[in-house]
Amino acid sequence: RRRCSPSGINAEYGMAAHINVDELLESVANSTKVEKEVPLTLDVGSLIAFDMAPVDPAKLGQGKARDVFLKNLTRDNTQLLFNSIFTLPSHYVERTKCVKLPVPTTRLPREKPIPKEKVLTKWEAFAKSKGIQKKKKGRMVYDDVAKEW
């Protein structure tokens with residue numbers, strides 16, 4: 001028989017002796033429920049969530065309090081995005097659950113500018129003006145029946 005300390009931790013293995021499954025399931029269910037005063041603008045196709053709610057400077061704080069506030073805000077917004085992903089129809093591919101994302105609604109800017117048109121070389125410009133086209137050399141094949149190339 002194993003001994004348990006008053007804190008409920010198994011003294012021999014350092015593990016919790018009693019776990020209330022109902023409390024655990026309720027805490028998991030509550031962790032996925034997020035309510036916001038101003039709803040997020042979601043673009044599930046691009047996996048983007050826009051939070052347009054104003055941030056109260058008093059709640060924001062400084063230092064550690066700011067980090068905790070921003071971490072909680074990010075966690076809630078990410079949870080809302082994941083909740084919307086889990087409402088999409090899903091299917092299994094090789095024992096992996098997959099969802100087909102909708103078409104993105106947000107246009108994202110390009111990382112690099114659109115490439116400029118390539119300037120023709122002097123030969124390419126001359127060939128184009130004269131109508132000269134590159135001819136591909138065909139490979140000659142020997143015909144055994146006609147005995148010709």
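Given the structure is predicted, the values throughout are model-derived calculations rather than measurements.
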In this structure, would [X] and [Y] fall into the same cluster of hydrophobic residues linked by side-chain contacts under 4.5 Å?
X	Y	result
Phe86	Val44	no
Leu73	Leu40	no
Val68	Val55	no

How long is the gap from [atom1] on [X] to [atom2] on [Y], to the nearest 0.5 Å?
X	Y	atom1	atom2	result
Gln62	Asp67	CD	CG	11.5 Å
Leu88	Cys98	CG	SG	12.5 Å
Arg75	Asn72	CZ	CG	8.0 Å
Glu148	Asp143	CD	CG	7.0 Å
Phe50	Thr106	CZ	OG1	4.5 Å

Neighbour count >12 (heavy atoms, 6.0 Å) for atom [atom1], [X]:
X	atom1	value
Tyr142	OH	yes
Lys128	NZ	no
Arg107	CZ	no
Phe82	CZ	no

Report the C-alpha distance between Asp51 and Thr41 in whole Å, list the side-chain angles of each, state the deciding distance to 0.1 Å, and finish with yes or no for side chain to side chain contact (heavy atoms under 4.5 Å, CB included). CA-CA 7 Å; Asp51 190 358; Thr41 304; over 6 Å; no
State, without any angle test, whether Asn83 and Lys33 hold a side-chain donor-acceptor pair at a distance under 3.5 Å.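 No pair is found: no donor N or O on one side chain lies under 3.5 Å from an acceptor on the other.
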Can a donor-acceptor pair be found between the side chains of Ser46 and Asp43 at a distance below 3.5 Å?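 Yes.
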From CA spacing to verdict: side chain to side chain contact (heavy atoms under 4.5 Å, CB included), Leu47, Leu101: CA-CA 9 Å; Leu47 300 176; Leu101 295 177; 4.2 Å; yes
Can you name the closest pair of heavy atoms from [X] and [Y] and give their distance?
X	Y	result
Pro89	Val99	O-CG1, 3.2 Å
Ser84	Thr87	O-OG1, 2.6 Å
Asn77	Ala49	O-CB, 4.4 Å

In sequence, state the C-alpha distance, the side-chain angles, and the governing distance for Lys130 and Ile132, and then conclude on side chain to side chain contact (heavy atoms under 4.5 Å, CB included). CA-CA 6 Å; Lys130 294 293 183 180; Ile132 301 172; 3.9 Å; yes
Could you walk me through whether Thr121 and Glu124 pass the side chain to side chain contact (heavy atoms under 4.5 Å, CB included) check? CA-CA 5 Å; Thr121 63; Glu124 289 171 337; 3.2 Å; yes
Pairwise side-chain contact, Ile48 with Leu42, heavy-atom cut-off 4.5 Å (strictly under):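 Side chain of Ile48 against side chain of Leu42, heavy atoms only: no contact under 4.5 Å found.
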